[in-house]
Amino acid sequence: MERAVRVRFAPSPTGPLHIGGVRTALYNYLFARQHGGVMILRIEDTDSQRFVPGAEAYIMESLQWCGIEIDEGVGVGGPHAPYRQSERREIYLKYALQLVEAGWAYYAFDTAEELDVMRKQAETKGEAFAYNYAVRTQLATSLVLSTEEVKTRIERGDQWVIRFRMPENELVEMKDLIRGHVEVNTSTLDDKVLYKSADALPTYHLANIVDDHLMEVSHVIRGEEWLPSLPLHYLLYKAFGWEATQPEFAHLPLLLKPTGGGKLSKRDGDKMGFPVFPLFWTAPTGETAHGYREDGYLPEAFINMLALLGWNPGTEQELFSMDELIENFSLDRVSKSGARFQPEKAHWFNAQYMHRKTEAELATLYQPILRAHGIEVTDVAARHVANIMKERATFITDLWDLTSFFFLAPTEYEEKQSKKYWKGANPDILRELRTVLATITDFSAEHTEQIVHAWIEEKGYGMGQVMNTLRLALVGAGKGPGMYEVTSFIGQAETLRRIDNLLTNLKPIE
RNA sequence: GGCCCAUUCGUCUAUCGGUUAGGACGCAAGAUUUUCAUUCUUGAAAGAGGAGUCCGACUCUCCUAUGGGCUACCA
């Protein structure tokens, strides 16, 4: 049975997309691309209460930054438009009614408040309240009310919902592409709300099944939190008579907190110093949250890291481009258990991608950082500096701290380095070195090194002592690239000036 | 509480009945280095527990424990 692959990523715009959602989108995308299929973006905004302005734009910008391309859906259109469920509202009632007529669903007139009371009562008795076969005939539903009564209630404007009539004591056998066979007895399930009159909108379950059917979705790849509602969804396909074209399901393991238990949440990230969102987010309330992009991550690294959290190729390869992921991805190599997010590994991935950047790519990322610090240099210079320092950087945001001394003379001297080298004969040696440097006519790294090393040897000085004292003068700290990289870049005049600065501004430490 | 899913080094994972249980991150030690990094080498580190099935179980079955998810007129 050959079926065109059509998958969808269907977030609800209730806030910023978090990395678990990004991974779900990514796996859908990889699967679609690998099979020459279509990736759909559908916005599930059927909860008017929890709608957050800006969330949808955030979702789309995130996907774009990650390189996850949408073929059909919100923002790009397509044959099944609209792709925003709030704009499809008139579609759903018809289907809900179809189910009522067929006996698979019924009207219920209880208010949310009444149900809350019943739940509380059951709770105090130590029982769990379930709206199911056992209680539905004792409540105000179209199952017990006369047709007339139902009609007058509706016409009078009473609020109602349509609930699924979950069968009693039937075994639902399901297939999950990741977990295999799963079965559940319907008696443990309840009569889920399918449609609510209050806002004339369906709930997730109805909208999801109807849209997946209408949009000809072939594979539903979603988070494990949906596994408990799979039996309902199976039954819904059966109730509609859509079993023949029912999609295959794959429920992804969850992304867990680095320590302790539970799903990854926004608070964990802020507390532990890593982002849980792809992009910086400002909530309508003014609240903000870190994003991978602004924290200096490369999207390729972010995606690579996410892809390996719950999936592996079965080989020892760890670095994958998007194209390689598309080629190698497979649902049956997705693991079954939740993956704990590990910030250190994310750092490592990013560092790997930093090291692999070309000079030109690096300059493009680096120039804005320089400009932000008021430094204007040629691309050639930016490329040169970024390239000699990239091995030391984990994030693109590290670049400034790592390279500022190329452009700015030290204004203070690191204590550790000062204590170690600004003492004994070193100040005098530095004075001597200054005169040696002042006589050099070709200040290239190679030539300077040749002269200075010959001088050090002739004098019998310690290489480490001399070079580190010079480092103190030029960098102000015990870090950085080879000293001649620095001298040749900043030039002779600046080199001498920085030596003079140290000589006049810092008292030798005894 | 009920239902469902899961369980290999601290973490991500390989193993699809027979392996000295492999790799990666992190950690430790060493080498390289004028410093800091990078890089390289080495090391410590795992099958939740208990019953079965089998010549043989990390791998299959069951029980227990633990973790997680769901249990809304939220998705």
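As the structure is a computational prediction, the values presented were derived from the model and not from experiment. Here is how names work: the chains are called A, B, and so on, in the same order as the sequence lines, proteins then strands, and each is numbered from 1.
- B:G10 sits 8 Å from B:G47 when the P atoms are compared, rounded to a whole Å.
- Residue A:Gln49 places its CD atom among 12 or fewer non-hydrogen atoms of other residues, nucleotides or ligands, all under 6.0 Å distant.
- Checked against side-chain contact (heavy atoms from CB on, under 4.5 Å), A:Pro427 has the following partners two or more places apart in sequence or in another chain: A:Trp422, A:Pro508.
- Looking at heavy-atom distances under 4.0 Å, A:Ala339 makes contact with sugar-phosphate atoms alone, never a base.
- Within the nucleic acid shown, A:Arg333 comes within 4.0 Å of sugar-phosphate atoms alone, with no base atom in reach, counting heavy atoms only.
- Of the charged side-chain nitrogens involved, at least one lies within less than 4.0 Å of a carboxylate oxygen, so that A:Asp212 and A:Arg42 count as a salt-bridged pair.
- The side-chain hydrogen bond (donor to acceptor under 3.5 Å, both in side chains) analysis of residues 86-97 of chain A, with sequence neighbours excluded, yields the pairs A:Asp45-A:Ser86, A:Arg84-A:Glu87, A:Arg88-A:Tyr92, A:Arg88-A:Asp211, A:Tyr92-A:Asp211.
- In this structure A:Thr358 satisfies the side-chain contact (heavy atoms from CB on, under 4.5 Å) test together with A:Ala360, A:Glu361, sequence neighbours excluded.
- Judged by distance alone with a 3.5 Å cut-off, no donor-acceptor contact links the side chain of A:Arg340 to the base of B:C12.
- Remark: A:Lys479 engages no residue in a salt bridge (Lys or Arg N to Asp or Glu O under 4.0 Å) (not counting sequence neighbours).
- One P atom belongs to B:A29, the other to B:C36, and the distance between them is 14 Å to the nearest Å.
- Of the options A:Phe9, A:Phe329, A:Trp311, a ring pair (Phe, Tyr, Trp, His ring centres under 6.0 Å) to A:Tyr27 is made by A:Phe329 and by none of the others.
- Nucleotides B:C58 and B:U15 have their C1' atoms positioned 8 Å apart, rounded to a whole Å.
- Among B:U34, B:A6, B:A14, the nucleotide with an atom closest to any side-chain atom of A:Asn312 is B:A14.
- Partners of A:Trp104 by ring-ring contact (aromatic ring centres under 6.0 Å, His included), not counting sequence neighbours, listed by chain and number: A:Phe164.
- Listed by residue number, the members of residues 458-472 of chain A with any heavy atom below 4.0 angstrom from RNA chain B are A:Met463, A:Gly464, A:Met467, A:Asn468, A:Arg471.
- Atom name P, nucleotides B:C62 and B:G67: the rounded distance is 22 Å, in whole Å.
- Nucleotide B:U34 holds its P atom 13 Å from the NZ atom of A:Lys420, rounded to whole Å.
- In this view, A:His18 satisfies the ring-ring contact (aromatic ring centres under 6.0 Å, His included) rule with no residue, not counting sequence neighbours.
- Between A:Thr188 and A:Gly482, the residue anchored closer to the 5' end of RNA chain B is A:Thr188, taking for each the nucleotide with the nearest heavy atom.
- For the P atom pair drawn from B:G68 and B:U11, the interatomic distance equals 13 Å after rounding to whole Å.
- If you check B:U8 for Watson-Crick or wobble pairing at under 3.5 angstrom, you find it has no partner at all.
- In this view, A:Lys357 and A:Glu300 satisfy the salt bridge (Lys or Arg N to Asp or Glu O under 4.0 Å) rule, not counting sequence neighbours.
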Across nucleotides 70-75 of chain B, 5' to 3', mark each nucleotide with B, S or - according to how protein heavy atoms within less than 4.0 Å reach it. S-SBBB
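- Taking atom C1' on both nucleotides, B:A46 is separated from B:A24 by 15 Å, rounded to a whole Å.
- Listed by chain and number, the residues in a salt bridge (Lys or Arg N to Asp or Glu O under 4.0 Å) with A:Glu359 amount to none (sequence neighbours excluded).
- Base pairing of B:A44 is not made with any nucleotide, judged by Watson-Crick or G-U wobble geometry with both donor-acceptor distances under 3.5 Å.
- Residues forming a ring-ring contact (aromatic ring centres under 6.0 Å, His included) with A:Phe274 (at least two apart in sequence, or on another chain): A:Phe341.
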Checking side-chain contact (heavy atoms from CB on, under 4.5 Å) for the pair A:Ile162/A:Tyr106: CA distance, chi angles, key distance, verdict? CA-CA 5 Å; A:Ile162 291 175; A:Tyr106 58 91; over 6 Å; no
Pairs under 3.5 Å (N/O, protein and nucleotides 25-32 of chain B):
unit_1, atom_1, unit_2, atom_2, d
B:C25, OP1, A:Trp348, NE1, 3.3
B:C25, O2', A:Lys345, N, 3.3
B:C25, O2, A:Gln342, NE2, 3.1

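- Using P as the reference atom, B:A14 and B:C9 are 12 Å apart when rounded to the nearest Å.
- Projected onto RNA chain B by closest heavy-atom contact, A:Leu189 and A:Ala477 fall at different nucleotides, the more 5' of which corresponds to A:Leu189.
- Whole-Å rounding puts the A:Leu255 CG to B:U11 C1' distance at 13 Å.
- For the pair A:Leu252 CG and B:A6 P, the computed distance is 14 Å after rounding to whole Å.
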